[in-house]
Structures are given as C-alpha cells and as structure tokens.
Protein chains: 2
Amino acid sequence: MDISEVRERIVAAADELYNAKGIQAVGMDELRSVAGVSLKKLYAEFPSKSSIVMAVLEHRHKSWTEGLDATVQQAGGPRERLLAIFDYLAGWFCQDSFRGCGFINSFAELGAISPDVAEYARKHKESFQEYVARLAGEAGAPGYLAPQLAILAEGAQTTAAIAGTSDAAGQARQAAAVLIDAALTAD
Amino acid sequence: MDISEVRERIVAAADELYNAKGIQAVGMDELRSVAGVSLKKLYAEFPSKSSIVMAVLEHRHKSWTEGLDATVQQAGGPRERLLAIFDYLAGWFCQDSFRGCGFINSFAELGAISPDVAEYARKHKESFQEYVARLAGEAGAPGYLAPQLAILAEGAQTTAAIAGTSDAAGQARQAAAVLIDAALTAD
DNA sequence: TTGCAATGAGAACGATCGTTCTCTACTATG
DNA sequence: CATAGTAGAGAACGATCGTTCTCATTGCAA
C-alpha cells in the first residue's frame, strides 16, 4: 500500500464521516476503522486530528471548485455560465450524502475555537466570490452582480441543507436569472 | 432568587456562550460559572444539557422572530416591509456578538446526531419562510418571490458570518429590491 | 536460521465531558 | 437553643476523546 494512497484513504474516509456526522462526533478510532488503516499509520501520516481536518478542507475545496468549474465550462455563453453555478448546486443537493456546505458546517462547529478552520472557510468563500466575479465580468455585468449571485448560492446551500428540499437551487436559479438580466440591461 | 429567574439566567448565559464558542465547546461547569448558579440548581431546572440546548433554541427563535417583526412593522408599505427584512439583518450583523445564524450553526454542529435539534432548526426556517410568504402575499407578489427572498436572507447570514463583512445585508437588500420589482410588474 | 526493522491490534494514559454524590454551612421553625 | 432541612462548593464517577505505548507478529536480509 503506497504511502500517498494511505493519505488519500484517510482523507476520503474523514471527508465522508465528517460530512455525515460532524467533525467532533467522529473519533479517531472510527476514522481508523472506516479508512482501514492502523492507528499507527494514521498518526504517521498526520500529526493530529486538526491536521486531518485541514486536509479534508483542502480536499473539499479542490473537488468542489473543480466540479463547479467543469459544470460552468459546459455552458454556452457568459450568461449561461453564471446560471450554470446553480445547475451545479442542483446536482449537488440531490446527492444522498448532501448535508450542507462543508465549510459552513465546519465553520459553525470549529470556527470559534480554531482560527485555522475559520480562515480556511473564509478563503474558500472568498475564492468562490472571486470566481463568480470573474464570470460576471466576462458577461459584462456591473460589479454589484457577483456578490448578489454569491449570496443567492450561499442561501440555496443552507436552505437545501436544513429544509431538506433540493428545489432551493431551482428557486435560486430563477432569481439569479432575474438579477442577471436586470444588471445586464441597466448599463 | 425566583425559580423562573434562574431559568432565564441559565438560558441567557447558555445562549451567549453557545453562540460565542459553539455548543460542544461549552461545558456545564463554564455555563454554571457564567450563569452564576450552582450545579445543583442547574440540574434541578434542566434534566440534561440537551434540554438546555432546546431551551436556547426556543429562546433564540422567539427573540429573533420578535425582533424581525418589530423592524418590519415600522416600515411603511408592503414593499418596504419586505425590504425591512434586510434592514433587520443589517442591524443584526453589526452586533459584536454576531457569529452567524444560531440555527444554522446548531444544525451544523448537532443536526446529524440530534434529531431534535435538526427538526427545530427546520421549523425555525420554515416559520421564517412562511413569514416572508405572508409579507409577499400582502404585497400582491406571485408565489415564487418569497422563497427567493428567503434564500437571499439565508445567504446574507452565512456570508456575513464567514466573510465577516456586514455589507452582505446591503447587497442582499439591493438584490431583493430588484426581485420584488420584477415580481410585482410581472403580473 | 538468525537477527532486525516494521507493522498491527489494542491497551494505556491523561484530559475533559456530562452527571451525580458528598459533605459542610447556613437557615428557619419549634 | 436545638434540630431538621436546604443549598452550595466541589469531589467523584463513568464514559469518551485524542494521543502514545506495548508487545506480539511478520517479512526480510545476512
């Protein structure tokens, strides 16, 4: 078993478990069991639980961002690319494993007692805002549109997570279309 | 010291502490110390920590809903009442103690392992959605407007919490105005 | 075969948590 | 004054957590 494969298995198992049950509710022994590695290997790979948490956040950021960009790239024009953000959300919300944005959740759970977690969550959201701003810029929209769309996307995530209804993405998409068209015709 | 005053002090202290540090990060001893009651009184009033959590959620729901309604009632017309939602959010975000919606946070922290917490968070959001729907109905707006505004409000909360910028309320308010006007002229 | 380094399973440890129990001191009524 | 009852401070308890340690076992090189 390769050493980097061990890392991947640990991070993948931690990602699933932390998403499903919350970070603090998952002990190292349960993680060891699900990942299928010994406790010694686990601590040889990561110095502490908090370092695993940070690795999970990095992994989440990478896969989420890549998934979003893949969906956006498939869309036709600049306007459709902005709307594709919400198509990506819709597909995400439909997954059985969806239990809200992992960054919002980890921020809520650990943000107040772990500056690292708080900062990483902030950077993830900042990166998303910049991504939306770039798409909006390519569409020729005024600067105020991107924060509005980002807020819609955030709201769709928490609404879908708590209410358990996945149509929040569709409602957010319709609202986004209105905001986009209003912004594009306002010049 | 009246017995109901003891309850209030416990719930008030728990509300502050849970909001500031997260629920799981606050032990019963710290709560006892801040509330200024003995551990015996604490357990005479509440059978367990989870019952305190539920009492805090009830208290939060009541004060948040009342505060929102008070702000809304001060607004002039139906359209202004819808926008007043975001004025209430703006004032909330500016408070030093603001650290995100307590229901989103408690859902993220305990929703997966406590059905009671998950259900209460869902009911709180449901109640907010119904409130927005009532205001939108009084404004003569079509049915799709209220979920859109609710999503905007949710998104403003998490954006303000994580990014730490309180202007998410203003951005959401501007987006809400666009959505409201578009919905009201769409008939 | 023999010795050695590495591995795995799980016990052990210290800390902390929620909860209960003990014991002391005070209060109030006869 | 005496005594029964109450309340407070904090020790104690069992459970669980993150982390480390032990030790038997394995695979491999000489």
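Here is how names work: the chains are called A, B, and so on, in the same order as the sequence lines, proteins then strands, and each is numbered from 1.
If you check D:dG8, C:dA9, C:dT19 against the side chain of B:K41, the one that comes closest is D:dG8. Closest contact between the side chain of A:S38 and the listed nucleotides D:dT20, C:dG18, C:dG8 involves C:dG8. If you check C:dT19, D:dT19, D:dG8 against the side chain of B:L39, the one that comes closest is C:dT19.
Look at OH on A:Y43: it is 18 Å from C1' on C:dT7, rounded to the nearest Å. If you take CD of B:E30 and C1' of C:dT16, they are 13 Å apart, rounded to a whole angstrom. Between A:E109 atom CD and D:dC17 atom C1' the separation is 14 Å, expressed in whole Å. A straight line from CE of B:M28 to C1' of D:dA11 spans 17 Å, rounded to a whole angstrom. A:D29 has its CG atom 12 Å from the C1' atom of C:dA11, to the nearest Å. Rounded to whole angstrom, the span from the CD atom of A:E45 across to the P atom of C:dT7 amounts to 11 Å. Counting to the nearest Å, the C1' atom of C:dC17 and the CD1 atom of A:I113 are 14 Å from each other. Nucleotide C:dT20 holds its C1' atom 13 Å from the CG atom of B:L42, rounded to whole Å.
A heavy atom closer than 4.0 Å to some atom of DNA chain D occurs in no member of residues 51-59 of chain A. In the region residues 14-24 of chain B, proximity to DNA chain D at under 4.0 angstrom, judged on heavy atoms, holds for none of the residues.
Only one option out of B:V11, B:L42, B:D15 pairs with B:I52 in a side-chain contact (heavy atoms from CB on, under 4.5 Å); it is B:L42.
Residues B:I85 and B:V132 form a side-chain contact, since some pair of their non-hydrogen atoms from C-beta on lies under 4.5 Å apart. Contact check for A:T65 versus A:Y131: no side-chain heavy atoms found under the 4.5 Å cut-off. Looking only at side-chain heavy atoms (C-beta outward), B:V56 and B:I23 stay at 4.5 Å or farther from each other. Contact check for A:F107 versus B:I104: no side-chain heavy atoms found under the 4.5 Å cut-off. A 4.5 Å side-chain heavy-atom check between B:C101 and B:W92 finds at least one atom pair inside the cut-off.
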request  = Please step through side chain to side chain donor-acceptor pair (under 3.5 Å) for the pair A:Y18 and A:N105, ending with a clear verdict.
outcome  = CA-CA 10 Å; A:Y18 292 168; A:N105 290 349; over 6 Å; no
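A rotation axis mapping the C1' atoms of four pairs onto the next four is fitted at both ends of the helix from C:dT1-D:dA30 to C:dG30-D:dC1 over five pairs, and the angle between these axes is 30° to 10 degrees.
A salt bridge is absent between B:E58 and B:K62; no separation between the charged side-chain nitrogens and carboxylate oxygens falls under 4.0 Å.
Scored by the salt bridge (charged side-chain N to carboxylate O under 4.0 Å, His left out) test, A:R81 finds no partners at all (sequence neighbours excluded). Annotation: ring-ring contact (aromatic ring centres under 6.0 Å, His included) contacts of A:Y88 (sequence neighbours excluded): A:W64. Every residue two or more places apart in sequence or in another chain that forms a side-chain contact (heavy atoms from CB on, under 4.5 Å) with A:R122 is listed here: A:E119, A:E126, B:I162.
The OH atom of B:Y43 sits 3.5 Å away from the CE atom of B:M28 when rounded to the nearest 0.5 Å.
Residue A:K40 is in base contact, counting any heavy-atom pair closer than 4.0 Å across all strands shown.
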